[in-house]
**Student:** 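I have a structure I would like to understand better, so I am pasting it below and will then ask my questions one at a time.
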Amino acid sequence: MEYIKLVEVCSALESTSKRLEKTYIISEFLKKTKTEDLNEIILLLQGKVFPPWDEHKIGVASRLILKAINKAAGINITNIEKEWAKIGDLGDVAEKLIKTKKQVTLFSSSLTVKKVFNNLRKLAGLEGAGTVNRKISLIAELLTSSKPIEAKYIVRTVLEEMRVGTAAGTLRDSIVWAYFPEAGAVYKDKNIEVKDREKYNHYVDIVQSAYDMSNDFSLVANTAKSKGKKGLKEIAIKVGIPIKVMLGPKEKDAGSALKRVGTPCQAEYKYDGFRLQIHKQDSKITLFTRRLENVTKQFPEVVNYVKKNVKGKSFILDSEAVGFSPKTGEYLPFQNISQRIKRKYDIERMAKDFPVELNIFDCVYYNGKNMIKEMFGKRRAIIEKIVKQEPKNIVLAKAIIAKNEKDVDKFYKESKKAGNEGVMLKKLDAPYKPGARVGYMVKLKGELEAIDAVIIAAEWGEGKRAKWLSSFTLACIDENNSFLEIGKVGTGIKEKLEQGVSFEELTNLLKPLIISQKGKNVKVKPKIVVEVIYEEIQKSPTYSSGYALRFPRVLRLRDDRSPEDATTMDYLEDLYFEQKKK
Ligand code: ATP
């Protein structure tokens, strides 16, 4: 397929914020897409060239794009920078500059989807001397043969910043509309008419659950196209491919929590670490974060604990890894160990200085059997059987069976005293629902609910902070994967690194992500997630979300979260109404 066909679709998607319209555009495009192009098309529509769990990353910073534009369009870097400051989006800059050049040469061969995809994939495979120049060449090669509008989307894809709004729900529905006419969705006058809602939802559920199992829309689309409903139902959890973890809503007290999960239920310590999914097939152990990133190399000691202490030929376990002080043995807040997640060198030393204890709390696959439909009580019984506990290495999440509010309150106090965040309450007769924040487990944390916000802009400081970014614009995510502002924050960030998240650290993280700069204000790629607490959520005309956080304060960096995991607008609205009730 010609790349321009995909680009036209991206451009159409960008021109509307209406979800139904986006769904229609994608579904019509999928109908026309041949099987041989489907994998690439689905990934590129999501602005990706690898599935999320793949260890390969494109890893190209904005500076490199400037050089590639320079090479392709023959315009000097200073002038490109000027355009960049004026226009903002580097994709738009590429479009404009390639257009200028094309008017002169009028030459353009046609790019195929495969060519673009392959060059972008090659970017991730490069290593060693000369890597930077080879990366520039690969991008410049594409830009040289591209039409101006193609250049725009090539640049955005390289920067992993597509912003055309293909959220998972939209893609899922497009697959239903494209490949299951029998689901009865008819798009008319920018609206959808469904003859039989139940039947339609049935198809949506089938596609969704195939996605929940595989986390791979390319596989789901291909299967839907070639093997239909039956094929989708056969998509199963596969050891080595991470699943989206189950999440739990927050409840305000033991009473309301027990209403959700029923009695008796299981109460567990809610550890303040990071989620770790453990996969084992024969002798191969793989670890994934909640962002589905493969972190096996970063945690060699965890691999050893699992090898030594967990029985079974194959399994997938859900757990929380918690840091503790190697001197006192006390649990440490997540911030202390978060640096291990991205670390690529000095791994052994890090493991010694920042050890983690693995707290296993669920099992979703065991010895060839998918366990997600099994009841929680049964899944817990399995981990009790297969895990040989060794404190400070690998243990089961501490748990009791709670019969009433008194049990929960007592256990909650005990958990807090032990240095944890609170407790999780779990319904004993509930299945595991990947990727959903359902009430099969709920959390009790006590204090005001912090939110995970994405930094989308910042401002350079003044005086002694002049070399740092010092005020940060925060955003939540909406159902189209757009980031909407909810306020600015400068509080809670420290002057020195040792004290927690510092201005210097944030500046270093954000600097390579700068997309544009006007005076003291910079726009940054939405990548960095911070946990923020506030006094209140207010309605506000100032920010694009329509809400503002009053007195926000940064608690910590959430480097285990991707921007897509940020607090959603829906959730923020829930919090807003919740606080009004009080
Ligand atoms: P939070 O920011 O409060 O950790 P979250 O958005 O990560 O919330 P939730 O499902 O809302 O996820 O809260 C549960 C989280 O708590 C899990 O994602 C997991 O990382 C952590 N956790 C700690 N102990 C447990 C436990 N015993 N059972 C389940 N989750 C636990």
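These numbers come from the heavy atoms of this one structure, side chains and all, not from hydrogens, waters or symmetry mates. Start at 1 and go down the list; that is how both ligands and their atoms are numbered.
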**Student:** Starting from atom 8 (O) of ligand 1, what is the nearest protein heavy atom, named by residue and atom, and what distance separates them?
**Tutor:** Lys443 NZ, 2.9 Å
**Student:** For the residue pair Phe299 and Phe274, does the interplanar ring angle fall in the parallel (under 30°), tilted (30 to 60°) or perpendicular (over 60°) class?
**Tutor:** tilted
**Student:** Side chains of Asn294 and Thr296: do they bring a donor and an acceptor to under 3.5 Å?
**Tutor:** yes
**Student:** Among Lys426, Arg290, Arg275, Met424, which one puts a heavy atom closest to atom 7 (O) of ligand 1?
**Tutor:** Arg290
**Student:** Closer than 4.0 angstrom: is that true for some heavy atom of Lys250 and an atom of ligand 1?
**Tutor:** no
**Student:** Starting from atom 30 (N) of ligand 1, locate the nearest protein heavy atom and write down its residue, its atom name and how far away it is, to 0.1 Å.
**Tutor:** Phe361 CZ, 3.5 Å
**Student:** Out of all atoms in ligand 1, which are within 4.0 Å of some heavy atom of Leu247? Include the element for each.
**Tutor:** 10 (O), 12 (O)
**Student:** Would Lys445 and Tyr271 count as a cation-pi pair here, with the cationic atom under 6.0 angstrom from the ring centre and within 45° of the axis?
**Tutor:** no
**Student:** Of the side chain and backbone of Lys270, name the one, both, or neither that has a heavy atom under 4.0 Å from an atom of ligand 1.
**Tutor:** both
**Student:** Pull out every atom of ligand 1 sitting under 4.0 Å from any heavy atom of Tyr269, numbered as shown with elements.
**Tutor:** 24 (N), 25 (C), 26 (C), 27 (N)
**Student:** Can you find an N/O atom of Glu320 closer than 3.5 Å to an N/O atom of ligand 1?
**Tutor:** yes
**Student:** Please check: side-chain N/O of Arg19 versus main-chain N/O of Gly169, any donor-acceptor pairing under 3.5 Å?
**Tutor:** yes
**Student:** Could you tell me if Lys539 and Tyr576 have a donor-acceptor pair between their side chains, going purely by distance under 3.5 Å?
**Tutor:** no
**Student:** State, yes or no, whether a side-chain contact exists between Tyr534 and Ile451 at a heavy-atom distance under 4.5 Å.
**Tutor:** yes
**Student:** Looking only at side chains, do Asp212 and Ser209 share a donor and an acceptor under 3.5 Å apart?
**Tutor:** no
**Student:** Gly248 versus ligand 1: do any nitrogen or oxygen atoms come within less than 3.5 Å of each other?
**Tutor:** yes
**Student:** Ligand 1 versus Gln266, non-hydrogen atoms closer than 4.0 Å: side chain, backbone, both, neither?
**Tutor:** neither
**Student:** Is it the side chain (CB and beyond), the backbone, both or neither of Phe274 that lies under 4.0 Å from ligand 1, heavy atoms counted?
**Tutor:** neither
**Student:** Heavy atom under 4.0 Å from ligand 1: found in Tyr271's side chain, backbone, both, or neither?
**Tutor:** both
**Student:** Quiz question: by atom type and distance under 3.5 Å, do the side chains of Ser256 and Glu251 form a donor-acceptor pair?
**Tutor:** yes
**Student:** Got the closest protein heavy atom to atom 3 (O) of ligand 1, with its distance?
**Tutor:** Lys445 NZ, 2.8 Å
**Student:** Got an N/O contact under 3.5 Å between Glu531 and ligand 1?
**Tutor:** no
**Student:** Is there a donor in the side chain of Glu320 and an acceptor in the side chain of Tyr269, or the other way round, less than 3.5 Å apart?
**Tutor:** no
